[in-house]
Amino acid sequence: HLQLNLLPYKKKKIWESIVVQKITNQIATINATNADDTCVDKLKEYLHNVTPGDETNMEGVAAREYFSSLFGKDFIRFSDSPISFALNYGYSIIASSIIRSVAFSGMYDNLGIWHENDKNNNNLSYDLIEPYRQIVDHYIYFHRAEVGLPLSHDLKVGLLGLLNEQVMMEGKKTKLIFAVQRTVDSYISCLRSNSSSDLLLPSYDYSGGCSNGENIL
């Protein structure tokens with residue numbers, strides 16, 4: 001009932017918060033990888049132009065700039081390339097953790113914030129994953145020379161280990177797998193208060209020891 005009664009404007013504000021944090025994390029990832037100042041400047045511009053509901057699609061515009069900087073101008077995100085396959089594998093690991101937390105929470109995963117695909121039973125989880133994707137991007141950037149098809153056992157193990165990587169939440173370090181649960185719990189708080197300010201999302205401090213792509217276990 002809380003999900004169904006979420007006011008449209010509040011839903012737009014929650015999506016705005018997610019997109020803002022996603023682009024913020026993309027900026028941190030660029031700074032920690034190739035330090036592309038031109039890309040960072042553009043991402044900051046897109047960040048300041050995000051509106052409730054992201055009606056101007058700054059998320060999509062930022063993503064194109066971001067991936068082009070990380071993996072080259074010829075990289076196509078939704079392609080059959082080894083890099084794209086590796087990214088999807090890493091994302092699926094984190095998505096599985098979010099899907100499990102959403103299920104345990106008692107929420108209906110089909111009722112998303114922005115995603116509204118009737119054929120997707122996990123619309124909500126794929127909304128909440130957006131600010132978590134960048135830790136996978138960061139890892140693959142530093143292991144891109146090792147990426148091939150099929151993915152190696154070591155690469156899969158490394159991506160699975162990201163669940164134990166440290167992320168920042170409310171100014172403190174916490175393992176990603178625990179941060180996921182806090183994000184889900186905080187979304188329930190948003191539903192109860194009809195406010196986007198209660199939503200807890202991760203940020204990244206790559207200077208803490210994972211800027212070379214190694215996991216902190």
Side-chain angles (χ1 to χ4, degrees), residues 15-51 54-96 98 112-115 117 120 122-123 125-152 155-156 158-163 165 167 176 201-206 210-215:
W15 183 240
E16 177 187 9
S17 297
I18 290 174
V19 172
V20 164
Q21 192 59 52
K22 179 179 182 177
I23 298 177
T24 299
N25 291 349
Q26 288 174 335
I27 292 170
T29 301
I30 292 295
N31 282 329
T33 52
N34 61 7
D36 182 350
D37 291 337
T38 300
C39 177
V40 167
D41 288 343
K42 289 182 179 179
L43 290 178
K44 287 180 178 178
E45 179 183 347
Y46 304 147
L47 178 65
H48 293 310
N49 288 326
V50 178
T51 59
D54 190 28
E55 295 176 353
T56 55
N57 192 29
M58 289 296 99
E59 181 203 13
V61 174
R64 286 191 290 274
E65 189 72 35
Y66 169 74
F67 282 114
S68 178
S69 175
L70 269 187
F71 300 116
K73 296 188 180 300
D74 294 331
F75 175 73
I76 299 174
R77 170 65 190 92
F78 297 103
S79 67
D80 294 329
S81 70
I83 291 291
S84 188
F85 191 87
L87 292 173
N88 288 339
Y89 188 90
Y91 297 154
S92 70
I93 291 171
I94 298 177
S96 295
I98 298 175
I113 304 163
W114 182 79
H115 290 92
N117 188 344
N120 183 359
N122 307 112
N123 286 317
S125 292
Y126 278 93
D127 285 329
L128 298 178
I129 195 178
E130 296 301 342
Y132 284 92
R133 293 181 186 272
Q134 296 72 52
I135 200 165
V136 175
D137 307 335
H138 179 271
Y139 184 87
I140 294 300
Y141 176 86
F142 282 104
H143 292 80
R144 61 195 185 281
E146 306 162 28
V147 175
L149 293 178
L151 299 181
S152 70
L155 190 70
K156 289 180 178 179
L159 288 168
L160 183 60
L162 293 179
L163 292 175
E165 191 71 84
V167 302
L176 185 147
L201 299 170
S203 60
Y204 304 109
D205 178 11
Y206 294 114
C210 59
S211 60
N212 61 355
E214 296 299 325
N215 294 325

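Small disclaimer: the values here were computed from a predicted structure and weren't measured. Quick note: residue numbers are just sequence positions, from 1.
Here CD1 of I98 is found 4.5 Å from CD1 of I129. Values are rounded to the nearest 0.5 Å. The distance from atom CD of Q26 to atom CD of Q134, rounded to the nearest 0.5 Å, is 5.5 Å. How far NE2 of H48 is from CG of L43: 11.0 Å, rounded to the nearest 0.5 Å. Annotation: the span from E45 atom CD to I23 atom CD1 amounts to 11.0 Å, rounded to 0.5 Å. Rounding to the nearest 0.5 Å places CG of N123 at 10.0 Å from CD1 of I113. Atom CG of L155 and atom CG of L160 lie 11.5 Å apart (nearest 0.5 Å).
Residue pairs that meet the side chain to side chain donor-acceptor pair (under 3.5 Å) test with at least one member in residues 70-88, sequence neighbours left out, are R77-S84, R77-N88, S79-S81.
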I'd like to know whether I135 forms a side-chain contact (heavy atoms from CB on, under 4.5 Å) with L176, so could you lay out the CA-CA distance, the side-chain angles of the two residues, the decisive distance to 0.1 Å, and finally the verdict. CA-CA 10 Å; I135 200 165; L176 185 147; 3.7 Å; yes
Do Y89 and V147 pass the side-chain contact (heavy atoms from CB on, under 4.5 Å) test, and can you show the C-alpha distance, the side-chain angles, and the key distance before you say yes or no? CA-CA 12 Å; Y89 188 90; V147 175; over 6 Å; no
H138 and Y204: CA distance, side-chain angles, deciding distance, ring pair (Phe, Tyr, Trp, His ring centres under 6.0 Å) verdict: CA-CA 10 Å; H138 179 271; Y204 304 109; 8.2 Å; no
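Side-chain atoms of T56 and N49 form no donor-acceptor pair, as typed in the model, at a separation below 3.5 Å. Under 3.5 Å, the side chains of N25 and Y66 contain no donor-acceptor pair of N or O atoms.
For E55, the salt bridge (charged side-chain N to carboxylate O under 4.0 Å, His left out) partners two or more places apart in sequence, or in a different chain, are K12. Under the salt bridge (charged side-chain N to carboxylate O under 4.0 Å, His left out) criterion, E59 pairs with K22, not counting sequence neighbours.
Of all heavy-atom pairs spanning A86 and L159, the tightest one is O-CD1, 3.8 Å. Scanning both residues, I18 and L201, for their nearest heavy atoms gives CA-CD1, 3.8 Å. Scanning both residues, A62 and Y46, for their nearest heavy atoms gives CA-CD1, 3.7 Å. Closest approach of P131 and P202 over heavy atoms only: O-CG, 3.7 Å.
Of the possible donor and acceptor atoms, one in the side chain of D127 sits under 3.5 Å from a partner among the backbone N and O of W114. The main-chain N or O of E130 is never found under 3.5 Å from a side-chain atom of R133 such that the two would form a donor-acceptor pair. Panel note: side chain N122, backbone S125; no donor-acceptor pair is recorded below 3.5 Å. Side chain of D137 to main chain of L87: no donor-acceptor pair is present (N/O by atom type, distance under 3.5 Å, no hydrogens or angles).
In summary, of the residues considered (T33, N34, T38), a side-chain hydrogen bond (donor to acceptor under 3.5 Å, both in side chains) with S69 occurs for N34 alone. When the options T29, T24, N31, I30 are evaluated for a side-chain contact (heavy atoms from CB on, under 4.5 Å) with I27, the one that passes is N31.
Ring orientation note: the planes of F71 and F67 are close to parallel, at an angle under 30° on the 30°/60° scale.
For Y91, the OH atom counts as densely surrounded, since its 6.0 Å shell holds more than 12 non-hydrogen atoms of other residues, nucleotides or ligands.
At a threshold of 4.5 Å between non-hydrogen side-chain atoms, the residues E16 and D54 do not count as touching.
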